[in-house]
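Residues: numbered from 1 along the sequence shown. Below, all heavy atoms of this structure are taken into account, side chains as well, without hydrogens, waters or symmetry copies. Order of appearance sets the numbers: ligands from 1, and atoms from 1 within every ligand.
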Amino acid sequence: MKFFIDTANLAQIQEAHDLGILDGVTTNPSLMAKEGIRGEEAIMKHYETICEMVKGDVSAEVIATDFDGIIAEGKKLAALHPRIVVKVPMIKDGVKAIKWFTENKIKTNCTLVFSAGQAILAAKAGATYVSPFIGRIDDGGWDGVELIAQIANIYNIQGFKTEILAASIRSPLHIIKCAEVGADVCTCPLDSILGLLKHPLTDIGLAKFLEDAKKTR
Ligand code: E4P
């Protein structure tokens, strides 16, 4: 399973990259706004900076919701860097646009996916990635990981090539569960990635080893 970081914060991207396990980055308009990025020029520059920092795919989301607007915006984003993936919402014109981008060799991430039916449509249109939002599903009282498992089963049976990018991750446990049920990618906040490091027995064991090591020096 690939690890993407779900942020537009450059320090956090650098920290995950320095850990040596980062395969890509996802952003969305809310994450860009959180970093105070304003205006088209600044937004484009920020995406370029992120692309220069990491080796993997970088998802950049379109704001347009009509076919022509999505295509125009997506073309501009894709021209920024070869590793830009155009993030397109799961709406009717979004599906049409994903098909167009697929035919024109532009990578896409179909976002705001909350059902298996939507995931089938994204795959039929040829999306590179499909992003089910598992945390938001959990927030509503359903089970987001179950949706990942269902999509993985369908894609496997049908031979769809679209990669399942588990999004809206809220905890280290989400990452583990997504790995168990066959997500291709998990896009996570830095805290959830770092949370995977933690175990009290590791800390206790290390303290004891370091204490005993003093006896050997
Ligand atoms: C990533 O592609 C999504 O935009 C993101 O994971 C959504 O996460 P949230 O539900 O925490 O906003």
Side-chain angles (χ1 to χ4, degrees), residues 1-10 12-13 16-17 22-37 43 46-47 50-51 53-54 56-65 70 73-74 77-78 81 83-91 94-95 97-98 101 106-115 118-119 121-123 125 127-148 151-152 162-179 181 183-196:
M1 186 173 76
K2 285 181 266 186
F3 271 48
F4 288 3
I5 189 164
D6 194 27
T7 186
N9 181 283
L10 300 182
Q12 292 189 10
I13 293 170
H17 174 74
L22 191 64
D23 299 302
V25 179
T26 54
T27 63
N28 64 37
S30 307
L31 294 170
M32 294 290 275
K34 196 171 158 195
E35 297 310 313
I37 321 290
I43 290 171
H46 202 73
Y47 288 140
I50 295 174
C51 288
M53 290 172 71
V54 298
D57 284 347
V58 175
S59 287
E61 189 158 340
V62 297
I63 308 303
T65 53
I70 295 172
E73 217 182 311
L77 290 168
H81 196 280
R83 288 198 302 275
I84 286 279
V85 175
V86 180
K87 205 170 177 192
V88 181
M90 169 39 76
I91 52 175
V95 172
I98 288 170
F101 287 130
I106 291 174
K107 287 193 274 186
T108 52
N109 174 355
C110 183
T111 190
L112 290 166
V113 166
F114 294 91
S115 75
Q118 291 178 324
L121 273 182
T128 315
Y129 300 102
V130 64
S131 286
F133 277 30
I134 72 167
R136 294 192 196 184
I137 291 173
D138 287 3
D139 292 345
W142 294 278
D143 186 341
V145 173
E146 247 175 42
L147 176 62
I148 300 291
I151 297 169
T162 298
E163 289 188 52
I164 303 169
L165 192 167
S168 185
I169 296 290
R170 304 262 197 266
S171 67
L173 185 61
H174 264 159
I175 302 175
I176 296 162
K177 291 283 173 196
C178 285
V181 299
D184 299 290
V185 189
C186 232
T187 189
C188 324
L190 182 61
D191 282 355
S192 298
I193 298 175
L194 296 180
L196 293 173

Query raised in the report: Side chain, backbone, both or neither: which part of Glu61 comes within less than 4.0 Å of ligand 1 when only heavy atoms are counted?
Result: neither

Report summary line: The closest protein heavy-atom partner of atom 6 (O) of ligand 1 is Asp6 OD2, 2.5 Å

Report task. Name the closest protein heavy atom to atom 4 (O) of ligand 1, giving the residue it belongs to and the distance to 0.1 Å. Result -> Asn28 ND2, 2.7 Å

Query - Test item: Met53 and Val25 side chains (from C-beta on) under 4.5 Å apart, heavy atoms - result: no

Query raised in the report: How far is atom 3 (C) of ligand 1 from its nearest protein heavy atom, and which residue and atom name does that atom have?
Result: Phe133 CZ, 3.4 Å

Query - Asp138: side-chain hydrogen bond (donor to acceptor under 3.5 Å, both in side chains) partners, not counting sequence neighbours - result: His174

Report task. Give the residue, atom name and distance (to 0.1 Å) of the protein heavy atom nearest atom 11 (O) of ligand 1. Result -> Arg170 NH1, 2.8 Å

Requested in this report: Would you mind listing which atoms of ligand 1 come within a distance below 4.0 Å of any non-hydrogen atom of Lys87?
Outcome: 1 (C), 2 (O), 3 (C), 4 (O)

Query raised in the report: Which residue supplies the protein heavy atom nearest to atom 8 (O) of ligand 1, what is that atom called, and how far is it?
Result: Ser168 CA, 3.4 Å

Query raised in the report: Val85 and Ser59: side-chain contact (heavy atoms from CB on, under 4.5 Å), yes or no, with the steps?
Result: CA-CA 5 Å; Val85 175; Ser59 287; 3.9 Å; yes

Query raised in the report: Near Arg136, which atoms of ligand 1 are under 4.0 Å from a heavy atom of that residue?
Result: 7 (C), 9 (P), 10 (O), 12 (O)

Query raised in the report: Are any non-hydrogen side-chain atoms of Leu165 and Thr111 less than 4.5 angstrom apart?
Result: no

Report task. Determine, step by step, whether Arg170 and Asp139 satisfy the salt bridge (charged side-chain N to carboxylate O under 4.0 Å, His left out) criterion, reporting the C-alpha distance in whole Å, the side-chain angles of both residues, the deciding distance to 0.1 Å, and the verdict. Result -> CA-CA 10 Å; Arg170 304 262 197 266; Asp139 292 345; 2.6 Å; yes

Query - Ile98 to Ala122 - nearest heavy-atom pair and separation - result: CG2-O, 4.5 Å

